[in-house]
Amino acid sequence: MKKYGYVRVSDVSQNQDRQMREMRNLGIPDKRIYVDKQSGKDFDRPEYRKIIGRLRSGDTLYVSSIDRLGRNYDEIQKQWRIITKDKGIDVVVLDMPLLDTRLYKDLMGTFIADLTLQILSFVSHTERDHIKKRQAEGIAAAKARGVHMGRPAKRLPDDFFKWVTQWKRGKITISQMGTVTGLKKSTLYRHLREQNIRKT
């Protein structure tokens, strides 16, 4: 019977320190704490797959909150059944005492835990939909203001047109121009098209 911790943040820019502290305070060694840095939209996550493969009947899985497990309503329900029913593993959701399968083994306790799980899964899924909607609205508003989205355009080198002239005269190839300017072929061709430059 071992303790395992599962930690998830939405991307590499987010910090998992708080969740890690919670797991360590429970006496879970780092080697049994699995960390994913990606969206909770589904369960196709490398560390989640690893921890599910390691868990054995009688073990206990700790997560900080249900949204750290996932943000897809149907998938949370499915994974909960796999973990608790199929594999015989206890789950403890640290911020929700009702979701501690070690404590509620009778029919009423199971009913309450299942109901709580459904409500929290719904809230988590709904919050993810709201986040996506706010992101889309933010991007649309930024575009309407003329804000460039995506990677910033790479600045042309000062001697760019000198090399273009050499290329137009057939003195260098497009690959050579890419080497001296530090630009990819696709970028060079795009700039040439935009400036309506053709070989003479």
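Because only heavy atoms are used, hydrogens play no part in the values below, and waters and symmetry mates are left out as well, while side chains stay in.
Judged by distance alone, with hydrogens and angles left aside, the side-chain atoms of Arg32 form a donor-acceptor pair with the main-chain N or O of Lys3 at under 3.5 Å. A donor-acceptor contact shorter than 3.5 Å links the side chain of Gln19 to the backbone of Arg8. Between the side chain of Asn15 and the backbone N or O of Asp17, at least one donor-acceptor pair lies under 3.5 Å. Between the side chain of Thr181 and the backbone N or O of Met177 there is at least one donor-acceptor pair closer than 3.5 Å. In this structure a side-chain-to-backbone donor-acceptor pair under 3.5 Å is missing from Gln77 to Asp74. No donor-acceptor pair closer than 3.5 Å links the side chain of Gln79 to the backbone N or O of Glu75.
With sequence neighbours excluded, the residues forming a side chain to side chain contact (heavy atoms under 4.5 Å, CB included) with Asp44 are Asp42, Arg49, listed by chain and number. Considering only residues two or more places apart in sequence or on other chains, Arg81 meets the side-chain hydrogen bond (donor to acceptor under 3.5 Å, both in side chains) condition with none of them. Evaluation of the salt bridge (Lys or Arg N to Asp or Glu O under 4.0 Å) rule for Asp159 yields no partner, not counting sequence neighbours. Under the side-chain hydrogen bond (donor to acceptor under 3.5 Å, both in side chains) criterion, Ser57 pairs with no residue, sequence neighbours left out. Residues satisfying the salt bridge (Lys or Arg N to Asp or Glu O under 4.0 Å) test with Arg21, not counting sequence neighbours, are none. The ring-ring contact (aromatic ring centres under 6.0 Å, His included) search around Tyr34 returns none, not counting sequence neighbours. With sequence neighbours left out, Ser65 forms a side chain to side chain contact (heavy atoms under 4.5 Å, CB included) with Asp67, Arg68, Asp95. Checked against salt bridge (Lys or Arg N to Asp or Glu O under 4.0 Å), Arg18 has the following partners two or more places apart in sequence or in another chain: Glu22. In terms of the side chain to side chain contact (heavy atoms under 4.5 Å, CB included) criterion, Pro97 has no residue partners (sequence neighbours excluded).
Val63 and Ile82 fall into different hydrophobic clusters, where Ile, Leu, Val, Met, Phe, Trp and Tyr are joined by side-chain heavy atoms under 4.5 Å apart, directly or via other members.
Here the CG atom belonging to Asp90 is positioned 10.0 Å from the CG atom belonging to Leu61, to the nearest 0.5 angstrom. Rounding to the nearest 0.5 angstrom, the gap separating the NE2 atom in His191 from the CG atom in Leu183 is 6.0 Å. Here the CD atom belonging to Gln166 is positioned 12.0 Å from the OG1 atom belonging to Thr173, to the nearest 0.5 angstrom. The NZ atom of Lys37 sits 12.0 Å away from the OG atom of Ser10 when rounded to the nearest 0.5 Å.
Geometric assessment of Arg193 against the ring of Tyr189 yields a negative cation-pi assignment under the 6.0 Å and 45° thresholds.
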Please report the C-alpha distance between Gln16 and Val9 in whole Å, then the side-chain angles of each, then the deciding distance to 0.1 Å, and finally whether the side chain to side chain contact (heavy atoms under 4.5 Å, CB included) criterion is met.
CA-CA 6 Å; Gln16 74 269 16; Val9 291; 3.9 Å; yes

Side chain to side chain contact (heavy atoms under 4.5 Å, CB included) between Ile89 and Tyr4: does it pass, once the steps are laid out?
CA-CA 10 Å; Ile89 295 152; Tyr4 287 84; over 6 Å; no

Give the C-alpha distance, both sets of side-chain angles, the deciding distance and a yes or no for side chain to side chain contact (heavy atoms under 4.5 Å, CB included) between Leu99 and Val91.
CA-CA 7 Å; Leu99 291 179; Val91 180; over 6 Å; no

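Through chains of ILVMFWY side-chain contacts below 4.5 Å, Leu26 is grouped with Val7, Met20, Met23, Ile28, Ile33, Val35, Tyr62, Val92, Leu94.
Looking at every heavy atom in both residues, Lys185 comes nearest to Ser175 through CE-OG, 3.0 Å. Heavy atoms only, all atoms of each residue included: Leu69 and Phe43 are closest at O-CE2, 3.2 Å. The heavy-atom pair separating Val93 from Ile66 by the smallest distance is CG1-N, 3.6 Å.
Side-chain atoms of Arg45 and Ser39, non-hydrogen and from C-beta on, never get closer than 4.5 Å to each other. A heavy-atom distance below 4.5 Å is found between the side chains of Leu188 and Phe160.
Within the structure, salt bridge (Lys or Arg N to Asp or Glu O under 4.0 Å) pairs that include any residue of residues 50-60 comprise Glu47-Lys50 (at least two apart or interchain). Listed by first and then second residue, the ring pair (Phe, Tyr, Trp, His ring centres under 6.0 Å) pairs involving residues 163-184 amount to none (not counting sequence neighbours).
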